[in-house]
Amino acid sequence: MEAIGAAVTEGRTGYPASARQRLLDLWSTTGPAGDPLHRCTLTHYLADLYDDPAQALAWDIRALDAAESLTERRVQAHDTDLQLAAFYPSLHLNLADNYRRLGSFTAATEHIDAARHHAPHLPEDGYGDLLRTAIEEVAEAITQRSTTKRASAPGPSA
């Protein structure tokens, strides 16, 4: 988790290509059979390092798949302040946004509805507020049938 966190920090401080490579290197050792928490975290953040929504979508699907394999016990073993249910709004939001950018508005709607369904599990803090706002931004973009990248979306050019 420390190596994942270091790569995420690197990407957020202006080095997305090297951060992406670090996460890809970690993925090569973790792989699809690795620890679900590591897989979920790694793929969730790796998706943000791609401008191409199709590439991001592939990683976001892996993140949701990994979350489906996670247990509350495993999440709590890593950090007692985390709750598995709070992962789902962000995971579904990212899927909705990628599907929307690809013009697949039916799939985008399904995932934005799932993000809204899970939103009550978000913390009442800045992070929770950020995600609630992003959910509404993506929902509005879906309604407008917009495929444009949101200015507030995570990623190398955001």
Side-chain angles (χ1 to χ4, degrees), residues 1 4-17 19-20 23 27 36-72 74-76 78-158:
M1 290 301 281
I4 294 168
V8 169
T9 299
E10 184 176 354
R12 289 181 177 166
T13 57
Y15 302 97
R20 184 172 46 241
L23 290 174
W27 178 254
L37 180 62
H38 296 160
R39 288 186 295 129
C40 182
T41 306
L42 190 155
T43 56
H44 180 66
Y45 287 112
L46 186 55
D48 289 346
L49 296 171
Y50 286 93
D51 275 326
D52 179 348
Q55 289 178 300
L57 178 63
W59 291 107
D60 281 327
I61 290 169
R62 288 180 181 111
L64 182 60
D65 286 346
E68 299 285 331
S69 299
L70 261 171
T71 64
E72 190 68 41
R74 174 62 184 106
V75 171
Q76 291 286 304
H78 172 68
D79 185 336
T80 57
D81 291 332
L82 291 179
Q83 292 183 351
L84 177 57
F87 288 24
Y88 286 97
S90 181
L91 295 170
H92 284 289
L93 168 65
N94 288 358
L95 287 164
D97 205 26
N98 288 321
Y99 280 122
R100 174 194 66 81
R101 289 190 59 215
L102 292 167
S104 183
F105 296 109
T106 300
T109 299
E110 290 173 12
H111 284 284
I112 206 64
D113 289 347
R116 283 177 163 159
H117 173 78
H118 292 286
H121 298 290
L122 289 169
E124 293 296 329
D125 61 11
Y127 172 75
D129 292 343
L130 178 79
L131 282 179
R132 282 184 282 276
T133 298
I135 289 168
E136 293 314 309
E137 288 175 357
V138 170
E140 180 62 25
I142 292 167
T143 299
Q144 294 179 1
R145 298 298 195 245
S146 171
T147 58
T148 304
K149 185 173 182 176
R150 295 177 300 114
S152 63
S157 63

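The first residue in the sequence is number 1, and the count goes up from there.
- Counting non-hydrogen atoms of neighbouring residues, nucleotides and ligands closer than 6.0 angstrom, the NE2 atom of H121 exceeds 12 such neighbours.
- Looking at F87 and V75, their side chains come closer than 4.5 Å, going by heavy atoms from C-beta outward.
- Nearest approach of L95 to D60, heavy atoms of both residues: CD2-CB, 3.7 Å.
- The line from CD of E68 to CG of L91 is 9.0 Å long, rounded to the nearest 0.5 Å.
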Exercise for the section: Give the intermediate values and the outcome of side-chain contact (heavy atoms from CB on, under 4.5 Å) for residues K149 and D51. Expected result: CA-CA 9 Å; K149 185 173 182 176; D51 275 326; 3.1 Å; yes
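- Nearest heavy-atom pair across A153 and D97 is CB-OD2, 4.2 Å.
- Atom CD of residue Q55 and atom CG of residue L49 lie 11.5 Å apart, to the nearest 0.5 angstrom.
- With R100 contributing its side chain and I142 its backbone, the two residues share no donor-acceptor pair below 3.5 Å.
- In this structure, the side chain of N98 engages the main chain of N94 through a donor-acceptor pair within 3.5 Å.
- Counting all heavy atoms, side chain and backbone alike, L122 lies closest to A86 at CD2-O, 4.0 Å.
- The backbone N or O of A63 sits less than 3.5 Å from a side-chain atom of T43, completing a donor-acceptor pair.
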Exercise for the section: May I have the step-by-step check of ring-ring contact (aromatic ring centres under 6.0 Å, His included) for H111 and Y99, ending in yes or no? Expected result: CA-CA 9 Å; H111 284 284; Y99 280 122; 5.6 Å; yes
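- The CG atom of L42 lies 4.5 Å from the CD1 atom of I4; values are rounded to the nearest 0.5 Å.
- Within the 4.5 Å cutoff, the side chain of R74 has no heavy atoms near those of the P36 side chain.
- Between the side chain of T80 and the backbone N or O of Q76, no donor-acceptor pair lies under 3.5 Å.
- A salt bridge links E124 with R132; the closest basic N to acidic carboxylate O contact falls under 4.0 Å.
- Taking the charged nitrogens against the carboxylate oxygens, R39 and D65 have no contact shorter than 4.0 Å, which rules out a salt bridge.
- Taking all atoms of both residues into account, the shortest heavy-atom contact from A19 to A7 is CB-O, 3.2 Å.
- Contact detail for W59 and A47: the closest heavy-atom pair is CB-CB, 3.7 Å.
- In this structure the side chain of M1 reaches within 4.5 angstrom of the side chain of L37, judged on heavy atoms.
- Atoms SG and OH, from C40 and Y45 in turn, are 9.5 Å apart once rounded to the nearest 0.5 Å.
- Take E136 and apply the salt bridge (Lys or Arg N to Asp or Glu O under 4.0 Å) test, not counting sequence neighbours, and it matches R116.
- Other residues, nucleotides and ligands place no more than 12 heavy atoms under 6.0 Å from the OH atom of Y15.
- The aromatic rings of H92 and H118 sit parallel, their planes meeting at an angle under 30°, below the 60° perpendicular limit.
- P53 and L102 make their closest contact through CG-CD2, 3.8 Å (heavy atoms, listed as atom of the first residue, atom of the second, distance).
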Handout entry: Chi angles and distances behind the side-chain contact (heavy atoms from CB on, under 4.5 Å) call for T143, F105
Key = CA-CA 9 Å; T143 299; F105 296 109; over 6 Å; no
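- Between the OG1 atom of T133 and the CG atom of L130 there is a distance of 6.5 Å, given to the nearest 0.5 Å.
- At least one donor-acceptor pair under 3.5 Å links the side chain of T13 to the backbone N or O of E10.
- Distance check: H38 NE2 to L70 CG gives 10.0 Å after rounding to the nearest 0.5 Å.
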